[in-house]
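Data first, discussion second: the structure below is written as C-alpha cells.
Per chain, numbering begins at 1; letters A, B, ... match sequence-line order.
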Number of protein chains: 2
Amino acid sequence: MARNKAFDPEERLAKARDLFWEKGYNATSMQDLVDEMQLNRASIYDTYGDKYALFQQCLQNYAKEKLFDYKQCCDKVSPMTAVESIVRRAVTNKKEGKTCLMVKTSFELASMDDGIKMIVREQAKASISVLQELLEKAKQMNEIPAEKDPATLAQFLYASFSSLWMMDVLFGDKEMLERMADHILDSIRH
Amino acid sequence: MARNKAFDPEERLAKARDLFWEKGYNATSMQDLVDEMQLNRASIYDTYGDKYALFQQCLQNYAKEKLFDYKQCCDKVSPMTAVESIVRRAVTNKKEGKTCLMVKTSFELASMDDGIKMIVREQAKASISVLQELLEKAKQMNEIPAEKDPATLAQFLYASFSSLWMMDVLFGDKEMLERMADHILDSIRH
DNA sequence: AGAATTCCAGAACATTCGTTCTAAAATAAT
DNA sequence: ATTATTTTAGAACGAATGTTCTGGAATTCT
C-alpha cells in the first residue's frame, strides 16, 4: 500500500546527535539539522517530532552507546584494569575535540529543563552503577583499600570526566590530562 | 554641559552577569536583559556594546570577583586550610542553584569561540596559580607528601570544581558533594 | 537661558528562528 | 492500474531574534 522509508532513521539520528554534540542545543538551528541529516524538513518532523523531541532522542541514543562502551570495558580483565581503561578512554577517545554530550548538556540545559535533566541523570546513574560494581569487586580483591566507599568513589570517578573535559576544552594539553588521570586513579588505589 | 549617567554601569553589569549566569549565553535574549537590567535598549548598546561584548564584560567581572574570593581565603591561615576552605566554599556557596559561570561557559561557548575561550582560560590560569602557590607552601611545610607535584594538584583541584558542579546540577545532593569534596582533599593530602 | 548629553519608550529594521503547508514525484502493496 | 503513503523541494507562517533609529523629556554644565 505504502511507500517505505527511503532512509534509516537510526543512522540519520546519529548525524543529528553529532551536530548537537558539536554545537550544543541552542546553537543548532533546524536549518543546520536539515543540511546535516540530509533530510527534508517535513521528514524530520514526521519521523522525530520537533527539535526538542529530536534532541531527547539524540541524548537517549548517546546514552545507550556510552553505556555499551562502559560495559565493554568490564569483560575479560580485572576490575581495576577495567576502571583504568574507562578513565584512560575518556582522555584518549576525543572525537575531533568534541566534549561529552552528557557533560555539555548538563551545563547547558539540565539546570533549567527537568525533562532533559531526567535523561542525563539516568545515564549518570547507570554509568555510576557500572563503576561502583567494578570498585566493589576491586575492594573484595584488595585492589583498593578497605576503608574506601565504592559508591563515593564511583560518583567521584564519573564526575571526574567533567573535569577532564573542561581542561581539555580550555588547554587542549594531552599530557596535562594524563597527569590528572594518573592522580585520579591513584586517589582510588591508595 | 551634559547630563550624568543616571545608573551605575557596574551595578547593572552585575545584573546582566547574574542573568547570563542563570540561563547561559544563547538562552538569554536581549529582551531578557532589558527587563533584568532595567535599562533602555539604547542605553545598553551605548554603554556596553552588543550582546557579545556585554557578555565578555560579564565574564571579566565574574573572573575578577572569583579571583578576589580565592585570594581572600589565602590570608591568616595555613596553606592547606586555605585550600580546604576554597574547596568547601565551592560546595557550600551555591547562589540559588546557579552553576559556576566559568564552567558553564567552558562547555557552552569556549569550545567553539576563541575569544571566549581566552577569557575563561586566563581566569583558570590565575585560579590555578593561586592554588599552586598554596600547595607549594603546603609541601614545604610537609602538609602534603613530597612526591606530589603542586602544579598537577592545582590543575586537578581547579578541574574538580567542574565535577562538583555537574553533580550538583544532576543530583542536588549536598551530602554526596561533601563526600566527594572529602575524597578530593584526601587525595591531595595522602 | 541655552547648549549638550543621556535618559526613556517604543517603533522599526532585517534576519533568523521553529514550524506548517502545498504540491508534485516516487514507490509500494492490492 | 489504483490506492496509499512517503518522498522531495520549497514556499509560507508567525514569532522572536539582535540591532538601530526616532523623538521627546530630563538633567547638567557654562
Side-chain angles (χ1 to χ4, degrees), chain A residues 1-60 104-105 108-109 112-116 119, chain B residues 1-60 104-105 108-109 112-116 119:
Chain A
M1 267 198 201
R3 184 177 173 182
N4 288 340
K5 271 200 194 308
F7 62 91
D8 177 10
E10 282 280 333
E11 170 218 344
R12 302 300 170 104
L13 187 67
K15 293 199 176 207
R17 158 176 58 79
D18 286 347
L19 194 62
F20 279 130
W21 190 354
E22 189 188 333
K23 309 182 65 172
Y25 178 77
N26 282 309
T28 303
S29 74
M30 219 52 201
Q31 187 57 50
D32 293 335
L33 290 163
V34 168
D35 295 341
E36 189 71 20
M37 299 172 80
Q38 298 186 75
L39 278 183
N40 189 268
R41 293 179 114 71
S43 301
I44 297 179
Y45 279 90
D46 285 352
T47 312
Y48 309 98
D50 62 12
K51 187 189 176 188
Y52 185 79
L54 173 60
F55 182 69
Q56 283 183 311
Q57 291 164 68
C58 289
L59 269 186
Q60 307 272 20
K104 240 175 121 84
T105 305
E108 189 189 354
L109 300 176
M112 301 290 289
D113 186 315
D114 284 338
I116 300 294
I119 298 176
Chain B
M1 268 200 200
R3 185 178 172 181
N4 287 340
K5 271 203 195 305
F7 62 92
D8 175 11
E10 281 280 333
E11 170 217 344
R12 303 300 171 104
L13 186 68
K15 294 200 175 207
R17 158 176 58 80
D18 286 349
L19 194 62
F20 279 130
W21 191 354
E22 189 188 335
K23 309 183 66 171
Y25 177 76
N26 282 309
T28 303
S29 74
M30 220 52 202
Q31 187 57 50
D32 293 335
L33 289 164
V34 168
D35 295 342
E36 190 70 21
M37 299 172 81
Q38 298 186 78
L39 279 183
N40 188 268
R41 293 180 114 71
S43 301
I44 297 180
Y45 279 91
D46 285 352
T47 312
Y48 309 98
D50 62 12
K51 187 189 176 189
Y52 184 79
L54 172 61
F55 182 69
Q56 283 182 310
Q57 291 164 68
C58 289
L59 269 186
Q60 307 272 21
K104 241 176 121 82
T105 304
E108 189 190 355
L109 299 176
M112 302 290 289
D113 186 316
D114 283 338
I116 300 294
I119 298 176

From the set [options], return the single nucleotide nearest to any side-chain atom of [X].
X: A/N40; options: D/dG10, C/dT20, D/dG18; value: D/dG10
X: B/Y45; options: C/dC21, C/dG18, D/dT20; value: D/dT20
X: B/R41; options: C/dC21, D/dG18, C/dT19; value: D/dG18

Rounding to a whole Å, what distance do you find between [X]:[atom1] and [N]:[atom2]?
X: A/D46; N: C/dG18; atom1: CG; atom2: P; result: 18 Å
X: B/R12; N: C/dC8; atom1: CZ; atom2: C1'; result: 12 Å
X: B/F55; N: D/dG18; atom1: CZ; atom2: P; result: 13 Å
X: A/D35; N: D/dT8; atom1: CG; atom2: P; result: 14 Å
X: A/K51; N: C/dT16; atom1: NZ; atom2: P; result: 15 Å
X: B/I44; N: C/dT6; atom1: CD1; atom2: C1'; result: 15 Å
X: A/Y52; N: C/dC17; atom1: OH; atom2: C1'; result: 18 Å
X: A/M37; N: D/dT8; atom1: CE; atom2: P; result: 11 Å

Tested for side-chain contact (heavy atoms from CB on, under 4.5 Å) against A/F20, the lone hit among A/L33, A/D32, A/L59 is A/L33
Checking B/Q57 against B/R17 for the side chain to side chain donor-acceptor pair (under 3.5 Å) test, could you report, in this order, the C-alpha distance in whole Å, the side-chain angles of both residues, the deciding distance, and whether it holds? CA-CA 9 Å; B/Q57 291 164 68; B/R17 158 176 58 80; over 6 Å; no
Say you draw a straight line from CD of A/E36 to NZ of A/K23; how long is it, rounded to the nearest 0.5 Å? 9.0 Å
Using 0.5 Å steps for rounding, measure from the CD1 atom of B/I44 to the CE atom of B/M30. 5.0 Å
So, does A/S29 get its side chain near the phosphate of C/dT16, meaning an N or O under 4.0 Å from OP1 or OP2? no
B/S43 side chain near C/dC8 phosphate (N/O to OP1/OP2, under 4.0 Å): yes
Measure the shortest side-chain to side-chain distance between A/Y25 and A/K104 over non-hydrogen atoms and say whether it is less than 4.5 angstrom. no
Contacts of A/M30 and B/Q38 projected onto DNA chain C by closest heavy atom; the upstream (5') one is B/Q38
